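Data first, discussion second: the structure below is written as structure tokens.
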Protein chains: 2
Amino acid sequence: MTERDQRRSTCPISAALEVVGDRWTLLIVRDMIFGGARTYRDLLAAPEGIATNILANRLARMQALGILTSLPDPQDGRRMIYRLTPKGLDLLPVLMGLSTWGARYEGGIAPEGVLEAWMEDPKAFVTRVQAAQAAD
Amino acid sequence: MTERDQRRSTCPISAALEVVGDRWTLLIVRDMIFGGARTYRDLLAAPEGIATNILANRLARMQALGILTSLPDPQDGRRMIYRLTPKGLDLLPVLMGLSTWGARYEGGIAPEGVLEAWMEDPKAFVTRVQAAQAAD
DNA sequence: CATTATAACTTGCTAAGCGCAAGCGATTCT
DNA sequence: AGAATCGCTTGCGCTTAGCAAGTTATAATG
């Protein structure tokens, strides 16, 4: 039985929350998009301090859900390189929605210029960030 | 010690997730915005089936966080009427981001025309939905 | 006016998820 | 060869979620 079969409703908000509605998934996506994180170690360095077992679990789950892919680093056999799929990258608007709200109501502080660029022209912002991901 | 003092980082995404990053908070907001839910019973009817103790807990928490307000129904002393504050209503873009993603990648189905209207003109959509909330 | 029903919770218990600390096998560096 | 590093895994305790039953206050019903 797949995760999808046990979906609680057909609502797309609910469906999305079953995938990203936990404590860590979106923060991992954040660190991969904005922090350039590509390895397990990069992600462990998140300021919120994710536990090693949770991170391993989330990476496996996100891979199974098609949000990211992994491959061994050709330069170093110990290291795995994680990359967001288009599906993962497409969570950017969700991140920006949260970011806008968190900055407005919860005193969060986004990197200089990011929210401004997003609010000015969301589509151009997404295109620019996604191009930057593809580049490196 | 307030919830804010124990914030795990200054990141606005993280700050927002500490408030709405659980299984139910955003679904409650969804039911209040799109389902016209105003009472405990309305919210219990959510297709995902929230437990009574969790709903009571979330309503109290959301009220403490300024996402919604409650007042006794003047028509019926048993009933409490819940309403979203501007802060709660401002979660609409987050909901729509999740909805767009959930429909695209997870097979969720939004009510006819909603996603189209959002993608066509997000600002106008938000204005329209918020006006509808204020009206009733 | 007594009874029944309804609304909004609360309580108790069990199950699932999160978090910390320690350990492990496979590389790679010195 | 020995030490360090990388990506995990394991064990355990704690917190949160979920289910079922019960409680109080108000309102409708006969």
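Just so we're clear, the structure is a prediction, and the values are computed from it rather than from any experiment. Below, chain A is the first sequence line, B the second, and so on; all start at residue 1.
- For DNA chain C, the neighbouring residues in residues 70-79 of chain A, judged by any heavy atom under 4.0 Å, are A:Asp76, A:Gly77, A:Arg78.
- The CG atom of A:Leu44 sits 15 Å away from the P atom of D:dT5 (whole-angstrom rounding).
- Taking every side-chain heavy atom of B:Tyr40 into account, C:dA8 is the closest of D:dA17, C:dA8, C:dG19.
- Distance from the side chain of B:Met80 is smallest for C:dA8 among the nucleotides C:dC18, C:dA8, D:dA17.
- Heavy atoms from other residues, nucleotides or ligands lying under 6.0 Å from CD of B:Glu116 number more than 12.
- Using a distance-only test at 3.5 Å, with no hydrogens or angles considered, a donor-acceptor pair links the side chain of A:Tyr40 to the main chain of A:Thr52.
- Of the candidates C:dC9, C:dA8, D:dT9, C:dC9 carries the atom nearest the B:Tyr82 side chain, counting heavy atoms from C-beta on.
- A:Arg79 places no side-chain N or O within donor-acceptor distance of the main-chain N or O of A:Pro72, the cut-off being under 3.5 Å.
- A:Val129 and A:Met96 fall within a single hydrophobic cluster, where Ile, Leu, Val, Met, Phe, Trp and Tyr side chains are chained together by heavy-atom contacts under 4.5 Å.
- The separation between A:Arg38 atom CZ and D:dC6 atom P is 17 Å, rounded to whole Å.
- Closest to the side chain of B:Ala51, out of D:dC19, C:dG19, D:dA20, is D:dC19.
- When the side-chain nitrogen and oxygen atoms of A:Trp24 are compared with OP1 and OP2 of C:dG19, one or more of them lie within a distance under 4.0 Å.
- Using cut-offs of 30° and 60° for the angle between ring planes, the B:Phe125 and B:Trp118 rings count as perpendicular.
- Rounded to an integer number of Å, the gap from B:Glu18 CD to D:dT15 C1' is 15 Å.
- Remark: C1' of C:dA16 and CG of A:Asn57 are 12 Å apart, rounded to the nearest angstrom.
- Listed candidates were C:dG19, D:dG7, C:dC9. Nearest to the side chain of B:Ala56 is C:dC9.
- Here the C1' atom of nucleotide D:dT16 and the CD1 atom of B:Ile50 are 13 Å apart, to the nearest Å.
- Judged by distance alone, with hydrogens and angles left aside, the side-chain atoms of A:Thr85 form a donor-acceptor pair with the main-chain N or O of A:Gly66 at under 3.5 Å.
- Residue A:Leu17 holds its CG atom at 5.0 Å from CG of B:Leu98, rounded to the nearest 0.5 Å.
- In this model, the phosphate group of C:dG19 is approached by a side-chain N or O of A:Arg23 to a distance below 4.0 Å at OP1 or OP2.
- Regarding A:Met62, its CE atom lies at a distance of 17 Å from the C1' atom of D:dG7, rounded to whole Å.
- Atom CG in B:Asn53 sits about 9 Å away from atom C1' in C:dT11, given to the nearest Å.
- Atom CG in B:Leu55 sits about 15 Å away from atom C1' in D:dC19, given to the nearest Å.
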